[in-house]
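The structure appears right after this line, and notes come after that.
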Amino acid sequence: MDLTKRFNKNLDKIEVSLIRQFDQSISDVPGIMKLTLGEPDFTTPDHVKEAAKAAIDDNQSYYTGMSGLLALRQAASGFVKEKYNLSYNPDNEILVTIGATEALSATLTAILEPGDTILLPAPAYPGYEPIANLVGAEIVEIDTTANDFVLTPDMLEKAILEQGDKLKAVLLNYPTNPTGVTYSREQIKALADVLKKYEIFVVSDEVYSELTYSEEPHVSIAEYLPEQTILINGLSKSHAMTGWRIGLLFAPAILTAQLIKSHQYLVTAASTISQFGALEALSVGKNDALPMKKEYMVRRDYIIDKMSALGFKIIKPDGAFYIFAKIPAGYNQDSFKFCQDFAREKAVAIIPGVAFGQFGEGYVRLSYAASMETIRTAMERLKEFMEEHAN
Ligand SMILES: Cc1ncc(COP(=O)(O)O)c(C=O)c1O
């Protein structure tokens, strides 16, 4: 008997992520310092922790409704109205999910069928493709490397037309992991003008929306395409709450009524205690991201300064907490090998760009969700490494 042959065949398309493979390949390096993590190094704000403790003491230990606590959905509705000028009815247009991850799973499994395609500007977060593959759909990447990682309306329309009827959705993620690129109001409006011509979903993962560094606040594509957009957000990045696992899904009522079916049978509901914490975060803690943002900007500028001096080409990121840097000419362009050598010789881990797809090859990603002390040491060691490997 060989039950391994009886799994869903689509699982064969899913490999252990390159990030995990890389992590494993360097895990034996003693005292390794990591600039790899996609989670804030800050702790969750104290008032949020207190709210969750109070919920425990208050015996809030029962399931909430499938869409989540009404008070939390009301707070989420108020939050996106105030911050991004979006209007979602808390009664039937918002779902509280287990992180943005579950919102993505619930969405992609609800909309995709075998043979469908979904467009994704790349390099991209590697969490999307496996979900699409599991249901027999395929991600088609749009290469943005030649345009400083920015998707233009022309690139988008060309890709949409190439896909034809197979195309079910366009997946956007901005501020973008791994590049930190984000889009201005004019850029979003121009992309929306293309998208509204086609009967396709726009799945917009905006989990880094509270971490933008330019003067202009984040602009959600849902503001221009409310009928087409399934908007995904969460508290992991904005409130340093990765482990609480709270995400949010916003969509028009007729779409939410469908999405709730996949959400319901995936998870029933998000953790009640976490939802009470999230309620506090999105009401009293609306601006909790601000002090973290200030600190992230200092770190970002420091790294850009140091790495540019070493010959790395960097598009200055306007959001998230990543630097995506081109390995200078004359050094190993195999990003996996480059990062492996750096980790083994200098005990600092950064992520090979190829972990974000074929268009990420030749780049490395550093997370600046790490203390300034760690960052300083890492930059000193990178300087040594580059000097030792210069041709
Ligand atoms: C672009 C992007 N989307 C989604 C997620 C997952 O977030 P969550 O913790 O809310 O599941 C991450 C986490 O790194 C991310 O970078």
Side-chain angles (χ1 to χ4, degrees), residues 17-20 23 34-42 44 48 68 72 76 79-80 94-109 118 120-132 139 141 144 149 151 169-183 202-212 218 220-221 230-250 263 266-267 270-271 274-275 277-278 281-282 289 292 296 317-324 351 353 355-357 360 365-370:
S17 90
L18 268 171
I19 297 183
R20 182 66 52 83
D23 218 45
K34 292 195 174 176
L35 292 187
T36 51
L37 297 185
E39 66 179 342
D41 56 313
F42 298 102
T44 299
V48 173
L72 173 54
F79 186 87
V80 296
I94 301 178
L95 300 179
V96 179
T97 59
I98 301 196
T101 305
E102 190 251 312
L104 285 159
S105 280
T107 300
L108 297 180
T109 52
I118 178 161
L120 175 67
Y125 173 61
Y128 309 123
E129 190 166 20
I131 311 172
I139 294 264
E141 293 188 334
T144 63
F149 309 121
L151 176 73
V170 172
L171 209 164
L172 299 175
N173 163 229
Y174 67 97
T176 309
N177 176 7
T179 62
V181 158
T182 196
Y183 291 80
V202 177
V203 180
S204 195
D205 175 352
E206 301 180 17
V207 289
Y208 294 100
S209 59
E210 283 298 283
L211 300 177
T212 56
H218 177 80
S220 175
I221 194 136
I230 298 172
L231 171 65
I232 288 165
N233 212 315
L235 280 82
S236 286
K237 321 288 174 173
S238 60
H239 290 77
M241 288 174 67
T242 45
W244 297 65
R245 309 306 303 124
I246 294 291
L248 295 162
L249 190 155
F250 303 85
H263 166 69
L266 277 170
V267 301
S271 145
S274 292
Q275 290 194 58
L282 292 185
M292 300 188 233
Y296 286 137
D318 276 329
F321 38 62
Y322 307 106
I323 298 281
F324 202 62
I351 300 204
F356 305 95
R365 191 197 77 174
L366 286 78
S367 160
Y368 47 93

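Excluded from the calculations below are hydrogen atoms, water molecules and symmetry mates; all remaining heavy atoms, backbone and side chain alike, are included. This one's a predicted model, so the numbers in the text were calculated from it and none came from an experiment. Counting starts at 1 for both ligands and their atoms, in listed order.
- Atom 6 (C) of ligand 1 has T101 OG1, 3.5 Å as its closest protein atom, hydrogens excluded (heavy atom only).
- Taking every heavy atom of V207 and a limit of under 4.0 angstrom, the matching atoms of ligand 1 come to 2 (C), 3 (N).
- For the atom pair I232 CD1 and N173 CG, the distance stands at 10.0 Å (nearest 0.5 Å).
- Every atom of ligand 1 with a heavy atom of R245 under 4.0 Å away is listed here by number and element: 8 (P), 9 (O), 11 (O).
- T101 is listed as a side-chain neighbour of R245, based on a closest heavy-atom distance under 4.5 Å.
- Annotation: F321 is in aromatic contact with Y208 [ring centroid separation under 6.0 Å].
- Geometrically, ligand 1 and N173 share no nitrogen or oxygen pair separated by less than 3.5 Å.
- Residue D205 has at least one heavy-atom neighbour below 4.0 Å for each of these atoms of ligand 1: 1 (C), 2 (C), 3 (N), 4 (C).
- For ligand 1, the polar-atom distance check against Y125 finds no nitrogen or oxygen pair separated by under 3.5 Å.
- When side chains are defined from C-beta on, P40 counts as touching T242, because their heavy atoms get closer than 4.5 Å.
- With hydrogens and angles ignored, the 3.5 Å screen pairs a side-chain donor or acceptor of T144 with a backbone N or O of A122.
- Annotation: atom 10 (O) of ligand 1 to nearest protein heavy atom, A100 N, 2.6 Å.
- Close to ligand 1: S236, with a non-hydrogen atom less than 4.0 angstrom away.
- Not a single heavy atom of E39 sits closer than 4.0 Å to an atom of ligand 1.
- Side-chain polar atoms of H218 and E210 form no donor-acceptor pair below 3.5 angstrom.
- Between L172 and L151, some side-chain heavy-atom pair lies under the 4.5 Å cut-off.
- Residue K237 has at least one nitrogen or oxygen atom sitting less than 3.5 Å from a nitrogen or oxygen atom of ligand 1, judged on distance alone.
- Using modelled atom types, one finds a donor on one side chain and an acceptor on the other under 3.5 Å when comparing S209 with N233.
- For the residue pair D205 / Y128, a side-chain donor-acceptor distance below 3.5 Å is found, with atom types taken as modelled.
- In this structure, T242 does not count as a contact residue of ligand 1, since none of its heavy atoms falls inside 4.0 Å of the ligand.
- At least one heavy atom of Y128 sits closer than 4.0 Å to an atom of ligand 1.
- Looking only at atom types and distance, the side chain of T44 has a donor-acceptor partner in the side chain of W244 under 3.5 Å away.
- Below 4.0 Å from some heavy atom of G99 lie the following atoms of ligand 1, by number and element: 10 (O), 11 (O).
- For E102, the heavy-atom gap to ligand 1 stays at 4.0 angstrom or more.
- Of the polar atoms of I98, none of the N or O atoms is found under 3.5 Å from an N or O of ligand 1, judged by distance alone.
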